[in-house]
Amino acid sequence: MEHSTSRRTARTSANLREMAVAAAIAILGLYMVWEGRSYGIGSVREMGPGYFPVALGCVLTVLGAGLVLAGRGEQRQESFRLKPLLCIVGAMIAFGYLMPRTGFVPATIALVLLSVLADKGFRLWEVAVLLVVLPVLGYVIFVAVLGMPLDAVRWGA
Amino acid sequence: MMDIASGFMQGLATAMTGEALLFCLIGVTIGTLVGALPGIGAMATISIVLPVTFTLKPLIGLIMLAGIFYGAQYGGSIASILLSIPGMASSAVTCLDGYPMARQGKAGVALLVTSVSSFVGGTVSILLLMLLAPTLAEFALRFSSVEYFLVMFLGLMGSATISSGSPVKGLTMVVLGVALGTVGTDVNSGIFRFTFGTLQLQNGFGFIAVAMGLFGVAEILSNVGKPFAMLVSAKSITVRSMLPSRQEARACVMPTVRGTGLGALFGFIPGAGSTISSYMSYALEKRLAKDPSRFGQGAVEGVAAPEAANNAAVQTSFIPMLSLGIPTDPTLAILMAAMIVHGINPGPQFITEHAPVFWGLVASFWVGNVLLLILNIPFIGLWVRLLSVPYKFLYPAVLFFVAIGVYSINNDPFDVYVAGLIGLGGYLLVGHGYPPAALLIGLVIGPMMEEHLKRAMLMSRGSFSIFLERPISAVLLAVIGLVAASTVVRLYRGRSRLAAPANP
Amino acid sequence: MKRIVPALMLCAATLVTAFPAAAQGSYPSRPIKWIVPYPPGGGASVAARLVQEEVSAQLGQPIIIENRPGAAGAIGTMEVSRAKPDGYTMVILTTTNVVAPAVNPNWPSDTMKEFVPVATLIENSSILTVNASIPAKTVPELVALLKANPGKYNFGNAGVGGVNHLTTELFKRLTQTEFTQMPYNGTGPMVGDLLAGNVHATFESPEAVMSHIRSGRIRALGVASTTRIPTAPDIPLLPETLPGMVNVSFSGLAAPAGTPRAVVDKMAAAVAAAVKSPAVQQRLRDMGSTGGRLTDDFGRLMQTEIDKWKAVASESKIVVKPQ
């Protein structure tokens, strides 16, 4: 059980996040209207490239605004932990970055190492198992069986 | 009628020869594998395998390629249930109840139900194909962009209600998905929309990257680091646990029937048949259920109906191609190219000029569906066992497969970045009650809807009355009106539920 | 002592000049890559795979086909234009490579400068067809109908800025008529609407429309070519009533500029032999197409088309991707 003030704080911050998400949607809607107009709206008969985006943007803005208002009393999400978020997303980005430059063995190593950081309960041997098994498995399935043109390791660009 | 029966028997004889059986088996196996794995899809696989078929007899090659196509529909549901990662858009709704079922230890039941209902959907649909191909083809011809737009609108509208949370949030995700779909090159003018100067966004957000991010990465983000995060305990894997209870089995019957009907009916919709069918059938079942709140928590109907629908749709989607020579799916276009290269031109004369090929192919669909049923069931135990792996081993593996699968689409890191960042956004949205499946259908259907609306307006020279003038579209408009009205009424009655916390 | 250095240098010089020759003599000594800048399943892939086996057999080395889609063909095209011109990387050029320069100011590739044409694999010209319900059996009748009902009829095309879109524009200019162009994203849906009567007329490739012409749902008014289609000799030639109403759609093999002529010729010969094989000939005939136009001839074809479409596009002010 949490201390009552920290529970209140937790609720408020979750509530803010709820409204922030809705607000972000509304802002996205506004952006779409603004940018969409520059693509040319055209007429109903010959709809320009901007017609749909502007229409969608309007709907999104209305929905987003409505959700901001409706979200004032709400809170949903449990704990919002930043570190696992950054680790996992970082793992993906590292993988993508390294793949063409270093081949998929280093990329996989980076992905595993970063994603493992997200969970505190890892023992060294468990990480080692992942570091060995995954590249091998990936190689077998994607390169050997499916024949994708992926290099295992590349030196230089 | 006798013609059809004798044609089918002949076709069956051809399809059951050793060679045909072998290649059918190879095709459906590859299809299942490819449908289950993230990244590579049926279309890419078929084009890779295409040259191999040139060395085979034409019919045999076609049997294999077609097997990959509909086999992928079977495979797509596996990852949906086990990991909440849809292999393709039409498997996305299976995640909604299939994944909760897996987390309740009923993964075996879910997998068995999908196999069986997929089989039923596919088989009945093949029957329709055999009996009514020309009629259905003529029906398909009555659909122009006017009708397609309305069907898609109906599909999207229905999708807003698939989650157990607020329909407003569902609608928002649908619209957001459509908005994401506008990113890319506008077909008519060639202008880049929202591409921010990047080369890759000129093709828009790839469905795979978004689906992997939204479902795969976001799910990992919400599970990772939690104590005792294991999906299923190893104890619950027995043959008995794979079988549904009598009550569950009975509950599946009508949804499967309805799903099959929907799928068979809408399969011919270009590029969207199986997706729209599966979402609509889920929405329909939820609406018809006595207790809709069960949906999203592991309701077995929510698995049976869409799976029947998407398999039925995939089989009837062959009809325009075989009867008229018009492929309604880019994958079917490749199949058609394969046929053309062999000198067999699908089209109006196909069924009469090349009757043995037509019947051989149709019979092979049936054989393939049987093979898939036989193939999938033994593996269910294996898949369920996968879930008993401790989560801390599972999630890096899943992340790895997602990353490499997404990367392999274009050999481009950009797709991986997209998956990662969408995963981040998805995690925030999902955590606040916005249903991800709704975004996915918006993304897939949105661009098509825009194209059809534009064309409808071009056809009508700018007048909206065309929606009323054409008979089919008038009917569709009435249905849309009814559904919208009933949704608003429900909203009004259960107004407090707008803010009710529930799982997306 | 004094003679050794010049002697060594002479040996070195001989060796250095001999190596390329030796390399050429043994071309190809490893697999050759053909890049298709489009997703698999399209016409370019079909064309490449049509001759892949036979060419591999001819050359004694496998031909590997790789799809490199993206940016409507630009990505794959650019990749090969920058590749080493050693004959081991080639590209399948298509009509896009002669049309895009005309309509797309951002098209990054100068087809004639960056590539050496090797051979065409598939070539055909578009057929003008109308829905059977249209009361016009010949081109003059159609033109009269269009002139009497400006803006009423719909011409469909399979893609904005594509060769058939431009061909329709050319038709518009040559006949001085008014009608609505309806763009589609692909041939399939467009042909569907043509059959249903939502589209009244279209210019399309033979394989897209032949079976429907035979079924009677649509009528062929003419083919945009100076030679008749062997499998459909009764389709009139459009240039006879409308001079200049010609187009060519193709998929052809090309190598990066700077590829040695001997290598190009060797590949061209292999392709020519493959195209002449009975199996390929039969398939080409079924598609209402021909193939096997070689090097300089292919180059001349591309240049003609590039110039023609540049003129059409600028007159009709067709611009795709103006950013």
Side-chain angles (χ1 to χ4, degrees), chain A residues 17-18 21 25 28 32 35-36 39-40 43-49 52-53 56-57 59-60 63-64 66-67 70 73-74 76-77 80-81 84-85 88-89 91-93 95-97 99-100 104 108 111-112 115-116 118-122 126 129-130 134 137-138 141-142 146-150, chain B residues 37 40 48 166 168-169 171-172 175-176 178-179 182 186 188-189 191 193-194 217 220-221 224-225 227 392-393 395-397 399-405 407-408 411-417 419-421 423-424 427-429 431-434 450 453-454 457-458 460-462 464 498-499 501:
Chain A
R17 248 181 290 125
E18 170 91 24
V21 169
I25 293 175
L28 180 66
M32 282 187 75
E35 176 81 4
Y39 298 143
S43 64
V44 176
R45 172 182 165 164
E46 287 203 36
M47 294 183 179
F52 231 56
L56 290 172
V59 175
L60 268 182
L63 286 172
L67 285 168
E74 279 200 63
R76 176 125 353 126
Q77 201 153 337
F80 180 82
R81 300 148 294 146
L85 221 90
I88 302 285
V89 177
M92 292 285 279
I93 294 183
F95 184 87
Y97 184 78
M99 264 298 260
F104 81 78
T108 311
L111 177 127
V112 171
S115 58
V116 160
D119 185 324
K120 287 171 284 218
F122 268 99
E126 294 169 335
V129 164
L130 280 171
L134 286 184
L137 205 59
I141 296 183
F142 285 90
L146 291 176
M148 309 240 134
L150 300 170
Chain B
L37 278 175
I40 193 166
I48 294 175
S166 142
V168 178
K169 287 187 175 173
L171 185 64
T172 308
V175 178
L176 202 55
V178 179
T182 60
D186 173 51
N188 288 7
S189 66
I191 292 186
R193 296 192 292 196
F194 307 110
V217 178
I220 292 178
L221 281 173
V224 79
K392 66 165 133 180
F393 281 114
Y395 84 82
L399 198 67
F400 169 66
F401 277 101
V402 163
I404 197 169
Y407 181 80
S408 66
N411 275 28
D412 193 337
F414 188 81
D415 295 316
V416 183
Y417 303 153
L421 293 170
L424 184 61
Y427 168 63
L428 286 172
L429 287 167
H432 286 281
Y434 293 79
E450 181 183 5
L453 181 63
K454 281 190 173 155
M457 289 296 102
L458 204 56
S460 72
R461 306 292 192 263
F464 279 100
L498 248 181

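Worth knowing before you read on, the calculation uses all heavy atoms, side chains too, and leaves out hydrogens, waters and symmetry mates. Lettering of chains follows the sequences in order, A, B, ..., and the numbering in each one begins at 1.
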Residue pair [X] / [Y]: nearest heavy atoms and the distance that separates them:
| X | Y | answer |
| --- | --- | --- |
| A/Val44 | B/Phe464 | CG1-CE1, 3.7 Å |
| A/Pro49 | B/Asp186 | CB-OD2, 3.6 Å |
| B/Pro413 | A/Gly96 | CB-O, 2.9 Å |
| A/Leu60 | B/Ala179 | CD1-CB, 4.1 Å |
| A/Leu130 | B/Pro396 | CD1-CG, 3.6 Å |
| A/Phe95 | B/Ala403 | CD2-CB, 3.5 Å |

Note to self: Among residues at least two apart in sequence or on other chains, which ones pass side-chain hydrogen bond (donor to acceptor under 3.5 Å, both in side chains) with B/Arg461?
What the structure shows: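 In terms of side-chain hydrogen bond (donor to acceptor under 3.5 Å, both in side chains), with neighbours along the sequence ignored, B/Arg461 is linked to C/Asn154, C/Thr180.
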
So do the side chains of [X] and [Y] get within less than 4.5 Å of each other, counting heavy atoms only?
| X | Y | value |
| --- | --- | --- |
| B/Tyr434 | A/Leu67 | yes |
| A/Met92 | B/Val217 | yes |
| B/Leu429 | A/Ile25 | yes |
| A/Met32 | B/Phe194 | yes |
| B/Tyr427 | A/Leu85 | yes |

Next item on the list: Hey, could you give me the CG/CG distance between B/Leu176 and A/Leu63, rounded to the nearest 0.5 Å?
Entry: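 B/Leu176 atom CG to A/Leu63 atom CG measures 10.0 Å (nearest 0.5 Å).
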
Check: Looking at B/Leu424, B/Asp412, B/Val416, B/Val402, which makes the most heavy-atom pairs under 4.5 Å with chain A?
Finding: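 Of the options given, most contacts go to B/Val416.
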
Note to self: Using a 4.5 angstrom heavy-atom cutoff, name the option from B/Thr182, B/Val175, B/Leu171, B/Leu453 with the most pairs to chain A.
What the structure shows: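 Heavy-atom pairs under 4.5 Å are most numerous for B/Val175.
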
Check: Can you tell which of A/Leu137, A/Leu28, A/Leu134 has the highest number of heavy-atom pairs within less than 4.5 Å of chain B?
Finding: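 Going by pairs under 4.5 Å, I would pick A/Leu134.
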
Item checked: Which of A/Val129, A/Ile88, A/Val21 touches chain B most, by non-hydrogen pairs under 4.5 Å ->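 Option with the top pair count is A/Ile88.
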
Check: Can you say whether A/Leu56 sits under 4.5 Å from chain B via the side chain, the backbone, both, or neither, judging by heavy atoms?
Finding: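 Both parts, backbone and side chain.
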
Checklist line | Greater than 12 external heavy atoms within 6.0 Å of A/Tyr97's OH | finding: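 Result for OH/A/Tyr97: open.
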
Note to self: Run the salt bridge (Lys or Arg N to Asp or Glu O under 4.0 Å) test against A/Glu46 and tell me which residues pass, sequence neighbours left out.
What the structure shows: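 Testing A/Glu46 for salt bridge (Lys or Arg N to Asp or Glu O under 4.0 Å), a comparison that skips the adjacent residues, returns none.
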
Notebook entry, point to check: Do the ring planes of A/Phe104 and B/Phe400 sit parallel (below 30°), tilted (30 to 60°) or perpendicular (above 60°)?
Noted result: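 Ring orientation, 0 to 90° scale: tilted.
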
Check: Which bit of B/Phe414 is near chain A, if near means a heavy-atom gap under 4.5 Å: side chain, backbone, both or neither?
Finding: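 No part of B/Phe414 comes within 4.5 Å of chain A.
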
